[in-house]
Q: 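Here it is: the structure, laid out below.
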Amino acid sequence: MTDSRPASVSEVIVHGIASCDTVKRARSWLDDNGIAYRFHDFKKRGVSAEQLASWMAELGWEKLLNRQGTTWRKLDDQAKASIQDAAAAAELMQAQPSVIRRPVVRWNDGVFTIGFDTAVFAHRASA
């Protein structure tokens with residue numbers, strides 16, 4: 001489901017890109033398990049500086065930056081080499097949200113996770 005309402009603390013929010021296979025699997029798992037969520041497509045709607053800072057504080061910029069994906073691989077060597085700290089990573093992630101590892105899920109208890117793992121989702125959904 002897609003919505004632009006402000007999030008409540010008890011609301012699950014899936015942040016990602018609609019065409020991403022991992023995001024599709026995560027959303028299907030949530031749908032199949034009857035877990036309501038809101039989807040935020042950050043390729044279309046971006047990621048606010050505050051949201052990105054929150055993710056980086058909880059998860060770490062190194063975990064959040066997807067160095068395995070196509071967007072990263074398309075960067076020139078100088079651009080890749082310039083990502084040495086949180087500030088540089090944040091600047092890149094704001095400019096090119098598709099370099100963010102996905103999905104980033106904010107669970108109903110306020111905890112964030114990255115990626116899709118059925119065991120993690122099952123645990124977080126029951127928390």
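Just so it is clear, the model here is predicted, and its values are computed rather than measured.
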Q: Mind checking the CZ-CD spacing from R106 to E58? Nearest 0.5 Å is all I need.
A: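 Between atom CZ of R106 and atom CD of E58 there are 10.5 Å.
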Q: H15 pairs by ring-ring contact (aromatic ring centres under 6.0 Å, His included) with which of F42, W55, Y37, F39?
A: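 Single pass found, and it is W55.
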Q: Could you tell me the separation between the CD atom of E11 and the CG atom of N108, rounded to the nearest 0.5 Å?
A: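 So the CD of E11 and the CG of N108 are separated by 10.0 Å.
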Q: Side chains of R101 and L59: does their closest heavy-atom pair fall under 4.5 Å?
A: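 They are not in side-chain contact.
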Q: In terms of relative ring orientation, are F121 and W107 parallel, tilted or perpendicular, with 30° and 60° separating the classes?
A: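 Taking W107 first and then F121, their aromatic rings stand perpendicular (interplane angle over 60°).
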Q: Is there a path from W72 to V23 through hydrophobic residues (I, L, V, M, F, W, Y) whose side chains come within less than 4.5 Å of each other?
A: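 Looking at the clustering, V23 is in a separate group from W72.
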Q: For a 4.5 angstrom cut-off between non-hydrogen side-chain atoms, does M93 reach V47?
A: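 No, too far: nothing below the 4.5 Å cut-off.
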Q: I'd like to know if the side chain of S82 and the backbone of A79 have a donor-acceptor N/O pair within less than 3.5 Å.
A: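 A pair under 3.5 Å: yes.
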Q: More than 12 heavy atoms of other residues, nucleotides or ligands under 6.0 Å from NZ of K74: is that the case?
A: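 At most 12 heavy atoms, drawn from other residues, nucleotides or ligands, come within 6.0 Å of this atom.
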Q: So, R38 side chain and V14 main chain: donor-acceptor pair closer than 3.5 Å or not?
A: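 Here the side-chain-to-backbone pair does not exist.
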Q: If every non-hydrogen atom of H123 is compared with every non-hydrogen atom of S126, which pair is closest and at what distance?
A: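 Closest approach of H123 to S126, heavy atoms only: O-OG, 2.9 Å.
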Q: Could you state the interatomic distance from CD (Q51) to CD1 (I13), rounded to the nearest 0.5 Å?
A: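 Reported to 0.5 Å precision, the distance equals 7.0 Å.
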Q: Between the main-chain N or O of I35 and the side-chain N or O of N33, is there a donor-acceptor pair closer than 3.5 Å?
A: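 Absent.
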Q: Same hydrophobic cluster for V99 and L64, using side-chain heavy-atom links shorter than 4.5 Å among ILVMFWY?
A: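 Both belong to a single hydrophobic cluster.
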Q: Are the side chains of V105 and F116 in touch, meaning some heavy atoms are under 4.5 Å apart?
A: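 Answer no - side chains too far apart.
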Q: To the closest 0.5 Å, what do you measure between OG1 (T71) and NZ (K43)?
A: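 Taking OG1 in T71 and NZ in K43, the distance rounds to 6.0 Å.
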Q: To the nearest 0.5 Å, what is the distance between CZ (R67) and CZ (R73)?
A: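 Here the rounded value is 14.0 Å.
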Q: Please examine the side chains of V104 and F112, heavy atoms only from C-beta on, and report whether any two atoms are closer than 4.5 Å.
A: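 In contact.
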Q: Nearest heavy-atom pair of L65 and I83: which atoms, and what distance?
A: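 The answer is CD2-CG2, 3.7 Å.
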Q: Indicate the atoms forming the closest heavy-atom contact of M56 with W61, along with that distance.
A: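 So the minimum-distance heavy-atom pair works out to CE-CB, 3.4 Å.
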Q: Locate the shortest heavy-atom distance separating N66 from I100; write the atom from each residue and the value.
A: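 Smallest interatomic distance, heavy atoms only, reads CB-C, 4.1 Å.
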Q: Is a side-chain N or O of S28 found less than 3.5 angstrom from the main chain of K24, in a donor-acceptor match?
A: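 Checked: pair present.
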Q: What is the distance from atom CD1 of I17 to atom NZ of K44, rounded to the nearest 0.5 Å?
A: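 If we round to the nearest 0.5 Å, I17:CD1 and K44:NZ are 10.5 Å apart.
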Q: Around E62, counting heavy atoms of other residues, nucleotides and ligands shown, do more than 12 lie under 6.0 Å from its CD?
A: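 Atom CD in E62 is crowded, with more than 12 foreign heavy atoms closer than 6.0 Å.
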